[in-house]
2 protein chains.
Amino acid sequence: TTGIITGVAHDRNVAKLALFDVPDRPGIARTVFKSLASQDINVDMIVQSANRNEHNDISFTITRNDLPRALKVVERVYQEIGAGGFTHGENVAKVSIVGAGMQSNPGVAADMFEALADEDINIEMISTSEIKVSCVVQSQDIERAVQILHQKFKLDQV
Amino acid sequence: TTGIITGVAHDRNVAKLALFDVPDRPGIARTVFKSLASQDINVDMIVQSANRNEHNDISFTITRNDLPRALKVVERVYQEIGAGGFTHGENVAKVSIVGAGMQSNPGVAADMFEALADEDINIEMISTSEIKVSCVVQSQDIERAVQILHQKFKLDQV
Ligand SMILES: C[C@@H](O)[C@H](N)C(=O)O
Ligand SMILES: C[C@@H](O)[C@H](N)C(=O)O
């Protein structure tokens, strides 16, 4: 599976926010992200896993400079939608593997997770597309994460 | 923002699984997805939101024909990693908007969520990349979802 990954990307200018226990009904995601867009906040990753007990959590990432404004939006919106609360973090970074045809290659994402696990790097958020697997990790882990992924996918060879 | 979306994609051959309350420490994601890969199960979306109380949930989607085998893996693995449990669903489908430069256009994802909300369609899972926003919805909602997204992003005009 190493042959299909063509690059490792990373982004240090990342902050994460998460709304917890949002009611799992139509219109909630719209309200959150329309409110953020109305303040011109650029959202990068949006991640929502499966629900539990008619509630769900929604996480997203933005640039660090947008965090103060995003927090103002979230402080207002979480009450408006009846969410349980929210958290945020700034000491995070994003690392991704990029390649073609990943969906027909079981184990590529698993290899990425294994590389990070071998370095004892905790994976905080995960989002995927057919050509990209992105993980949010702690900022202090980003250099090692990029390095181990280059090694894992043999991108460190000339 | 409507100008930058170039297409709406959908997939009906989708099943979703979610592991709940997995310990949030290095190696857990690796164990789950290495086990799935060892059974040649192709995983499409992998979604993990922010943690709560040192635990997290991990959801993923596969094709429906792989569900029996994936369930066997998950039944074994969830105990191995000390997760609280797992759920699965087959009456789901995936719909995505595809376009260039979405990350520099606040509100594109919000527009997608708004279109679905206007049709009273509940969004079960969300995953994004720079060129794609994907939502998992109930199977019975997929036709209306595709239709409303074509309308929202003016892709239904010749
Ligand atoms: C949780 C949130 O995504 C909700 N299900 C919605 O459709 O907006
Ligand atoms: C929850 C799971 O992703 C864990 N944090 C890991 O790194 O494997």
Side-chain angles (χ1 to χ4, degrees), chain A residues 16-18 20 24-52 56-59 87 89 103-107 109-111 113-114 116-136, chain B residues 16-18 20 24-52 56-59 87 89 103-107 109-111 113-114 116-136:
Chain A
K16 63 170 181 173
L17 293 101
F20 287 100
D24 187 26
R25 60 168 190 262
I28 297 294
R30 176 228 29 224
T31 298
V32 172
F33 292 96
K34 274 287 179 186
S35 305
L36 290 163
S38 73
Q39 300 298 312
D40 277 321
I41 294 163
N42 264 315
V43 175
D44 181 21
M45 291 165 78
I46 300 171
V47 173
Q48 176 184 306
S49 185
N51 72 347
R52 18 162 114 210
N56 212 329
D57 303 334
I58 308 178
S59 308
T87 60
Q103 76 277 19
S104 45
N105 274 281
D111 283 345
F113 304 152
E114 179 167 71
L116 297 174
D118 287 344
E119 286 288 313
D120 219 33
I121 295 170
N122 197 45
I123 300 167
E124 302 197 358
M125 290 169 64
I126 302 169
S127 188
T128 59
S129 73
E130 284 81 354
I131 58 168
K132 197 171 198 178
V133 181
S134 292
C135 292
V136 172
Chain B
K16 62 169 181 173
L17 292 103
F20 287 98
D24 187 25
R25 60 167 189 261
I28 298 293
R30 176 228 30 223
T31 298
V32 173
F33 292 96
K34 275 287 180 185
S35 305
L36 290 163
S38 73
Q39 300 297 312
D40 277 321
I41 294 163
N42 265 317
V43 175
D44 180 21
M45 291 166 77
I46 300 172
V47 173
Q48 175 184 306
S49 185
N51 72 346
R52 16 161 116 212
N56 211 330
D57 303 333
I58 308 178
S59 308
T87 60
Q103 76 276 20
S104 44
N105 274 279
D111 281 345
F113 305 151
E114 180 168 69
L116 297 174
D118 286 345
E119 286 288 312
D120 220 33
I121 293 170
N122 197 43
I123 301 167
E124 302 198 359
M125 289 168 65
I126 303 169
S127 187
T128 59
S129 74
E130 284 81 352
I131 57 168
K132 197 170 195 177
V133 181
S134 293
C135 291
V136 171

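Below, chains carry the letters A, B, ... as their sequence lines are ordered, and counting in each starts from 1.
The shortest non-hydrogen separation linking A:Phe20 to B:Ala50 is CE2-O, 4.2 Å.
Each of A:Val32, A:Ile41, A:Ile28 has some count of heavy-atom pairs under 4.5 Å with chain B, and the biggest count is that of A:Ile41. Annotation: maximal heavy-atom pairing with chain B below 4.5 Å, among A:Val136, A:Asp40, A:Asn122, A:Val47, occurs at A:Asn122. Interface remark: of the candidates A:Arg52, A:Met45, A:Met125, A:Arg52 forms the most heavy-atom pairs closer than 4.5 Å to chain B. Heavy-atom pairs under 4.5 Å with chain A peak, among B:Ala37, B:Ser49, B:Ser35, at B:Ser49. Of the residues considered (A:Thr87, A:Ile58, A:Ile126), A:Ile126 shows the highest number of contacts with chain B, using heavy-atom pairs under 4.5 Å. Each of B:Asp118, B:Leu36, B:Asp57 has some count of heavy-atom pairs under 4.5 Å with chain A, and the biggest count is that of B:Asp57. Counting heavy-atom pairs under 4.5 Å between each of A:Asp24, A:Leu116, A:Leu17 and chain B puts A:Asp24 at the top. Per-residue heavy-atom pair counts under 4.5 Å with chain B were compared for A:Ala29, A:Ala18, A:Gly27, A:Ser129, and the maximum is reached by A:Ala29.
Between the OG1 atom of A:Thr128 and the CD atom of B:Gln48 there is a distance of 11.5 Å, given to the nearest 0.5 Å.
A salt bridge between A:Asp111 and B:Arg30 is absent, with no side-chain N of the basic residue lying under 4.0 Å from a carboxylate O of the acidic one.
Looking at A:Lys132, the atoms closer than 4.5 Å to chain B (heavy atoms on both sides) all sit in the side chain, from C-beta outward. Of the two parts of A:Glu124, only the backbone, made up of N, CA, C and O, holds a non-hydrogen atom closer than 4.5 Å to a non-hydrogen atom of chain B. Both the backbone and the side chain of A:Ile123 come within contact range of chain B, each with at least one heavy atom under 4.5 Å from a heavy atom of that chain. With a 4.5 angstrom heavy-atom cutoff, A:Asn56 touches chain B only via side-chain atoms. For chain B, the nearby parts of A:Ser127 are the backbone and the side chain; heavy atoms of each come within less than 4.5 Å. Interface remark: B:Ala109 contributes side-chain atoms only to the contact with chain A (heavy atom separation under 4.5 Å).
Residues B:Ile131 and A:Ile131 meet the side-chain proximity criterion, which asks for heavy atoms closer than 4.5 Å.
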**Request:** In sequence, state the C-alpha distance, the side-chain angles, and the governing distance for A:Phe113 and B:Ile46, and then conclude on side chain to side chain contact (heavy atoms under 4.5 Å, CB included).
**Result:** CA-CA 12 Å; A:Phe113 304 152; B:Ile46 300 172; 4.0 Å; yes
